[in-house]
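Here's the structure we're looking at; comments come further down.
Per chain, numbering begins at 1; letters A, B, ... match sequence-line order. Keep in mind the model is a prediction, meaning the values are calculated, not measured.
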2 protein chains.
Amino acid sequence: MEASAQDLTPTGRVILGMLRLGKRTGYEIKQIVDVSTRFFWAASYGQIYPELKRLEERGLVGSRSEPTGGRARTEYRLTATGERALDDWLASEAEPAHEVRDEAMLKLFFSEGRDTEEVLETVRALRRKHESVVARLREIHPEPVDPDPGPYLTLEYGLGLHDWAIEWCKRTERRLERRLARSAREKARV
Amino acid sequence: MEASAQDLTPTGRVILGMLRLGKRTGYEIKQIVDVSTRFFWAASYGQIYPELKRLEERGLVGSRSEPTGGRARTEYRLTATGERALDDWLASEAEPAHEVRDEAMLKLFFSEGRDTEEVLETVRALRRKHESVVARLREIHPEPVDPDPGPYLTLEYGLGLHDWAIEWCKRTERRLERRLARSAREKARV
DNA sequence: TGGCTCATGTAAGCCGTTACATGATTTT
DNA sequence: AAAATCATGTAACGGCTTACATGAGCCA
């Protein structure tokens with residue numbers, strides 16, 4: 001039985017993809033993940049190093065010791081099997097995983113009856129969060145040009161999505177501010 | 001030492017929140033999560049039942065056996081301490097967790113050089129996915145009216161967000177279709 | 001009477017983060 | 001000389017999903 005796309009672990013996918021993009025060491029993979037896919041797919045050292053070894057055992061990657069002076073360093077590359085597994089995964093029509101954990105939304109869900117001022121602070125914090133993501137995304141590529149699929153496409157998606165979220169926050173903040181002003185007026189009347 | 005908001009586990013938060021909304025059994029909590037928060041915060045039986053027991057040990061919830069005929073059934077309710085923990089969490093200014101795992105985006109990130117037709121299929125599948133989410137969200141509340149924070153606010157967010165994603169997919173599909181037509185013309189010329 | 005819903009739980013396993021440990025090289 | 005960066009790894013723990021196991025009540 002051939003190793004198929006379904007056998008790739010989540011972190012295995014990132015690793016194979018990054019190796020094809022020319023990354024070589026576990027360290028390098030982690031660095032690039034942290035400024036690219038981590039906005040929709042993170043990976044930690046605790047996953048990357050063990051997974052590289054497992055991928056090697058399964059023949060999807062090969063390794064070579066390439067120290068920098070006295071500093072240990074292992075370069076990895078895709079094998080033909082690994083490349084096939086990557087392509088199979090990319091072409092696979094299995095329902096792609098999509099998970100979200102958004103604590104701010106969970107707070108808002110349970111916010112009926114809370115002080116408007118407090119809720120407002122939750123929304124403002126959420127907006128600031130999305131703004132900081134947008135800022136970091138803009139740093140990555142200040143001048144998007146490449147119309148092809150690949151890193152630019154997902155960057156553009158991220159920018160658009162977080163921009164939308166910022167606008168939603170602003171609208172919601174205005175709504176809550178009006179509520180606040182209204183209840184202040186009512187209080188004054190009493 | 002008082003139990004503070006920081007001690008609440010992720011699932012613990014959902015449970016306390018749902019109990020305040022009037023849910024009573026683990027089963028009921030799971031049912032409601034599956035048609036509400038699960039779009040931004042899921043929970044499974046394997047987490048809910050053990051967590052209810054832990055919350056009880058810590059005094060944040062209380063339980064009472066309330067069988068339906070011969071069918072075992074345990075009703076839970078918030079204690080004063082639990083209510084305080086919930087409020088503390090809602091008001092806490094700790095950076096709220098925000099995690100995304102979007103396999104479709106990961107595929108697109110690694111899609112440089114893939115057949116345009118294949119990439120197009122990935123984007124179409126993504127659009128269908130968002131469309132099905134929007135369809136399910138619309139079923140929940142066909143006529144949103146409530147302007148207050150709470151379930152309606154997050155529903156509105158979900159609808160807007162997934163709608164935005166659908167539009168992005170459509171734009172991207174058109175872009176890729178043009179690319180496909182262009183390369184078909186070029187091939188014809190050769 | 002058969003299937004669905006209500007209801008509770010456990011066990012195995014996967015996946016992941018954090019913190020720790022180590023040490024060389026490069027930059028300031 | 002110190003701090004940052006390059007580089008690799010492990011251990012402990014947390015959290016979650018899936019599958020399994022069980023059984024009562026309700027409806028067609």
Side-chain angles (χ1 to χ4, degrees), chain A residues 6-15 18 23-35 37-38 40-58 61 63-76 94-95 97-103 106, chain B residues 6-15 18 23-35 37-38 40-58 61 63-76 94-95 97-103 106:
Chain A
Q6 277 61 43
D7 300 326
L8 286 182
T9 61
T11 303
R13 292 168 193 159
V14 193
I15 290 177
M18 288 302 183
K23 305 310 157 194
R24 291 187 168 78
T25 67
Y27 185 82
E28 213 178 338
I29 289 171
K30 166 71 170 155
Q31 301 313 299
I32 199 76
V33 161
D34 279 348
V35 292
T37 65
R38 78 110 171 225
F40 47 84
W41 203 281
S44 65
Y45 288 128
Q47 282 291 108
I48 291 170
Y49 286 116
E51 183 64 23
L52 276 167
K53 295 198 166 168
R54 283 189 289 264
L55 289 169
E56 184 165 27
E57 274 167 36
R58 294 178 45 202
V61 307
S63 75
R64 220 165 37 173
S65 179
E66 294 282 347
T68 317
R71 185 162 55 192
R73 199 167 154 278
T74 308
E75 286 192 358
Y76 289 88
E95 176 88 336
H98 184 88
E99 284 147 56
V100 178
R101 263 190 168 225
D102 189 336
E103 195 183 338
L106 192 65
Chain B
Q6 275 62 43
D7 301 325
L8 285 182
T9 62
T11 303
R13 291 165 193 160
V14 193
I15 290 177
M18 288 303 183
K23 305 311 157 195
R24 291 185 167 80
T25 69
Y27 185 82
E28 211 178 341
I29 289 172
K30 167 68 170 158
Q31 301 313 301
I32 199 76
V33 162
D34 279 349
V35 293
T37 65
R38 78 111 170 222
F40 48 83
W41 203 281
S44 65
Y45 288 127
Q47 282 292 109
I48 292 171
Y49 286 116
E51 183 63 23
L52 277 167
K53 295 198 168 170
R54 284 190 289 266
L55 290 170
E56 183 166 27
E57 273 167 38
R58 293 177 46 204
V61 306
S63 74
R64 222 167 36 173
S65 180
E66 293 282 348
T68 316
R71 186 160 57 192
R73 198 164 156 281
T74 308
E75 285 192 358
Y76 289 88
E95 176 87 337
H98 185 89
E99 286 146 54
V100 178
R101 258 180 178 232
D102 188 336
E103 195 184 336
L106 192 66

*Verify side-chain contact (heavy atoms from CB on, under 4.5 Å) between L55(A) and E51(A), making sure each step is shown before the conclusion.*
CA-CA 6 Å; L55(A) 289 169; E51(A) 183 64 23; 3.7 Å; yes
*What integer distance in Å separates E99(B):CD from dG15(D):C1'?*
11 Å
*Round to a whole Å and report the spacing from CD of Q47(B) to P of dA19(D).*
16 Å
*May I ask you to say whether R54(A) pairs ionically with E57(A), meaning some side-chain N is under 4.0 Å from a carboxylate O?*
no
*asked:* Rounded to whole Å, how long is the line connecting atom OH of Y45(B) with atom C1' of dG15(D)?
replied: 19 Å
_Spacing of D7(B) atom CG relative to dG15(D) atom P, expressed in whole Å_ = 11 Å
*Euclidean distance, atom CD1 of residue I15(B) to atom C1' of dC16(D) [Å, nearest integer]*: 13 Å
_One thing to verify: whether E103(A) and R13(B) come together as a salt bridge, which I'm taking to mean a side-chain N less than 4.0 angstrom from a carboxylate O._
yes
_d(CZ, R54(B); C1', dC13(D)) in whole Å_ = 13 Å
*With DNA chain C as reference, determine whether G70(A) or A43(A) sits nearer its 5' end, using the nearest nucleotide of each.*
A43(A)
_Segment of DNA chain C, first to last nucleotide, that comes within the 4.0 Å heavy-atom reach of chain B_ = dT5(C) to dG16(C)
_Pairwise distance CZ(R24(B)) to OG1(T74(B)) - rounded to 0.5 angstrom_ = 13.5 Å
*Which residue, Q31(B) or A42(A), contacts DNA chain C at a nucleotide closer to its 5' end, judged by nearest heavy atom?*
Q31(B)
*Locate the shortest heavy-atom distance separating T37(B) from L106(A); write the atom from each residue and the value.*
CG2-CD1, 3.8 Å
_Atom pair OG1 (T68(A)) and CD (E66(A)), whose distance is rounded to the nearest 0.5 Å_ = 9.0 Å
*asked:* Can you see if the side chain of T68(A) gets near the phosphate of dA7(D) - specifically, an N or O under 4.0 Å from OP1 or OP2?
replied: yes
